[in-house]
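Please read these numbers as outputs of a predicted model, since none were measured by experiment.
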Amino acid sequence: MDKKLKAGILGGTGMVGQRFIALLENHPWIEVTTIAASPRSAGKTYEEAVGGRWKMDTPMPKAVKSIIVKNVNEIDDVASGVDFVFSAVDMTKEEIRKIEEAYAKTETPVVSNNSAHRWTPDVPMVIPEVNPEHMDVIASQKKRLGTSRGFIAVKPNCSIQSYAPVLAAWKEFEPYEVVASTYQAISGAGKTFADWPEMEGNIIPYIGGEEEKSEKEPLRIFGEVKDGVIVPAEEPLIACQCIRVPVLNGHTATVSVKFRKNPSKEQLVEALRKFRGLPQELSLPSAPKQFIQYLEEDNRPQVSLDVDFENGMGISVGRLREDTIYDWKFVGLSHNTVRGAAGGALLCAELLRAKGFIERK
């Protein structure tokens, strides 16, 4: 690439926005040139706007410290200086739908971490290794929006990343019923222990909206493109419970699966280890070389040991064993703010660039 794409971050002062900025430091294809946030942050340098709320383990990149934050609601001004935007705005769903469409209509592609457009029929919701063909609906979306290059693409919820790719790897064995429980880190709520001290030593058995997302979003990912929209799959049927646990980063899932075919453990493990997709074939900058690792030890995967596998972009699976009611059960682990949020959206953007959907203005 002769020149890097200019990216804007909408909602750049929040935790996911900060993760985007951290991941994009020294990116070979993309540079952050614009940061937009709420009116109260507008006019300040990024360093001033964030203040003491920088939540990443790595220091704030020097290249963004002096960027003057723009008002996210001044759409034409923000869009004029970028080739595309990442969206991590903190608004109501209706507000997010409107503002993301408004950016797309300025001929600015939007790659969103938000849930507002995940069920818009002509908006692709993509795990790049699993359903890149869903990007084909962008042509229909552009017709609806009246744009030539502007569109919206989204990544799915963080809670499904630790088991949906596993089910995709096992597609040939026809999984048709799944029971999952997810144990979700506090960073999924945009929190650290410093600002959510009541989570220390605590478990909360409810996360608003997560169970419905965890049960339904995989079906949209496993669906197909028909007549310019995504038609969700009918199987596997998924029942899920979502629990908040005292972990900073890393969503763990315990999952039981029924198959129509009768795979052996060896077949299931081999399918995980060999599973790869378009990001690996294209050697995209953020793509993990090994998408899913299988760990043989009885006490793995563990958050403290495995959450950063492949720089947080890989999935870790272990404890695959026969189930007394279902066929097989396993434990999965994914990094919720990397693969599950900003990193997953970044990989989507890289794939959109590779497929020609995002270009320099």
Side-chain angles (χ1 to χ4, degrees), residues 125-134 156-184 210-226 230-243 251-280 288 290-302 306 309 314-334 339-340 344:
M125 178 173 71
V126 174
I127 297 176
E129 288 88 350
V130 176
N131 62 326
E133 70 280 2
H134 284 198
N157 198 48
C158 56
S159 64
I160 72 171
Q161 306 287 336
S162 52
Y163 61 91
V166 176
L167 299 176
W170 290 343
K171 181 179 179 181
E172 65 182 296
F173 307 117
E174 299 180 15
Y176 70 95
E177 282 187 15
V178 175
V179 173
S181 293
T182 59
Y183 304 87
Q184 299 186 204
E210 286 292 293
E211 289 170 0
E212 182 181 12
K213 295 173 187 175
S214 300
E215 293 171 351
K216 300 300 183 186
E217 287 189 13
L219 297 177
R220 190 166 195 260
I221 290 166
F222 300 151
E224 59 182 324
V225 178
K226 282 186 179 179
I230 306 297
V231 179
E234 295 183 357
E235 289 183 342
L237 298 177
I238 301 173
C240 191
Q241 295 191 93
C242 299
I243 299 169
H251 287 356
T252 299
T254 57
V255 187
S256 295
V257 187
K258 282 185 180 179
F259 296 97
R260 286 206 165 81
K261 295 184 179 178
N262 186 29
S264 66
K265 180 175 180 178
E266 290 73 22
Q267 287 176 307
L268 292 171
V269 170
E270 181 186 11
L272 295 178
R273 287 176 169 160
K274 74 178 185 181
F275 187 65
R276 64 200 304 270
L278 202 51
Q280 286 72 39
Q290 181 72 36
F291 181 31
I292 304 174
Q293 68 168 342
Y294 183 77
L295 300 161
E296 301 284 356
E297 299 92 332
D298 288 338
N299 64 348
R300 304 279 289 277
Q302 291 182 31
D306 304 309
F309 169 61
I315 311 299
S316 298
V317 176
R319 300 213 67 212
L320 179 63
R321 59 216 190 275
E322 290 189 57
D323 190 279
T324 53
I325 298 175
Y326 282 54
D327 295 327
W328 293 92
K329 55 189 173 183
F330 69 93
V331 177
L333 171 67
S334 60
R339 168 57 75 161

Worksheet item: Are Ile221 and Met125 close enough, and set up right, to give a side-chain contact (heavy atoms from CB on, under 4.5 Å), and what steps lead you there?
Response: CA-CA 7 Å; Ile221 290 166; Met125 178 173 71; 4.0 Å; yes

Discussion item. Could you walk me through whether Asn262 and Phe173 satisfy the side-chain contact (heavy atoms from CB on, under 4.5 Å) test, starting with their C-alpha distance in whole Å, then the side-chain angles of each, then the deciding distance to 0.1 Å, before giving a yes or no?
Written reply: CA-CA 7 Å; Asn262 186 29; Phe173 307 117; over 6 Å; no

Worksheet item: So Asp298 and Arg319, salt bridge (charged side-chain N to carboxylate O under 4.0 Å, His left out) or not? Walk me through it.
Response: CA-CA 6 Å; Asp298 288 338; Arg319 300 213 67 212; 5.4 Å; no

Worksheet entry | Derivation and outcome, side-chain contact (heavy atoms from CB on, under 4.5 Å), residues Arg273 and Tyr294 | CA-CA 7 Å; Arg273 287 176 169 160; Tyr294 183 77; 3.8 Å; yes

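Distance alone, capped at 3.5 Å, is enough to place a donor-acceptor pair between the His134 side chain and the Gly223 backbone. In this structure, Gln293 contributes its side chain and Ile315 its backbone to no donor-acceptor pair below 3.5 Å. Not a single donor-acceptor pair under 3.5 Å links the side chain of Lys265 to the backbone N or O of Arg321. In this structure, Gln280 contributes its side chain and Pro288 its backbone to a donor-acceptor pair below 3.5 Å. In this structure, Gln267 contributes its side chain and Ser264 its backbone to a donor-acceptor pair below 3.5 Å.
Annotation: side chain of Val179 is not in contact with side chain of Val255 (no heavy-atom distance under 4.5 Å). Between His251 and Thr182 the shortest side-chain heavy-atom distance does not fall below 4.5 Å. Residues Leu295 and Val317 have side chains not in contact (no heavy-atom distance under 4.5 Å, counting atoms from C-beta outward). Contact of the Trp328 side chain with the Asp323 side chain is not registered, since no non-hydrogen atoms from C-beta on lie closer than 4.5 Å. Looking at Ser181 and Thr252, their side chains never come closer than 4.5 Å, going by heavy atoms from C-beta outward. Put simply, the side chain of Glu210 reaches to within 4.5 Å of the side chain of Asn157, judged on heavy atoms. The side-chain heavy atoms of Phe330 and Val166, taken from C-beta on, include a pair separated by under 4.5 Å.
Judged by the 6.0 Å distance and 45° axis criteria, Lys258 is positioned over the aromatic ring of Tyr326.
Donor-acceptor pairing under 3.5 Å is lacking for the side chains of Gln241 and Glu211.
Between the CG atom of Leu167 and the CZ atom of Phe222 there is a distance of 5.0 Å, given to the nearest 0.5 Å. Here the CD-NZ distance, from Glu172 to Lys261, works out to 7.0 Å after rounding to the nearest 0.5 Å. With rounding to the nearest 0.5 angstrom, the CG atom of Leu272 is 11.0 Å from the OG atom of Ser316.
Partners of Asp327 under the side-chain hydrogen bond (donor to acceptor under 3.5 Å, both in side chains) rule, at least two apart in sequence or in another chain, do not exist in this structure.
Applying the side chain to side chain donor-acceptor pair (under 3.5 Å) test to pairs two or more places apart or on separate chains, those with a residue in residues 212-221 are Arg118-Glu217, Ser159-Ser214.
Taking the centre of each ring, Trp170 and Tyr163 stay at or above the 6.0 Å mark.
Of all heavy-atom pairs between Phe309 and Ile292, the closest is CE2-C, 4.5 Å.
Ion pairing between a basic and an acidic side chain is recognised when a charged N comes within 4.0 Å of a carboxylate O; Glu235 and Arg260 show such pairing.
Remark: Glu297 CD is packed, more than 12 non-hydrogen atoms of other residues, nucleotides or ligands lying under 6.0 Å away.
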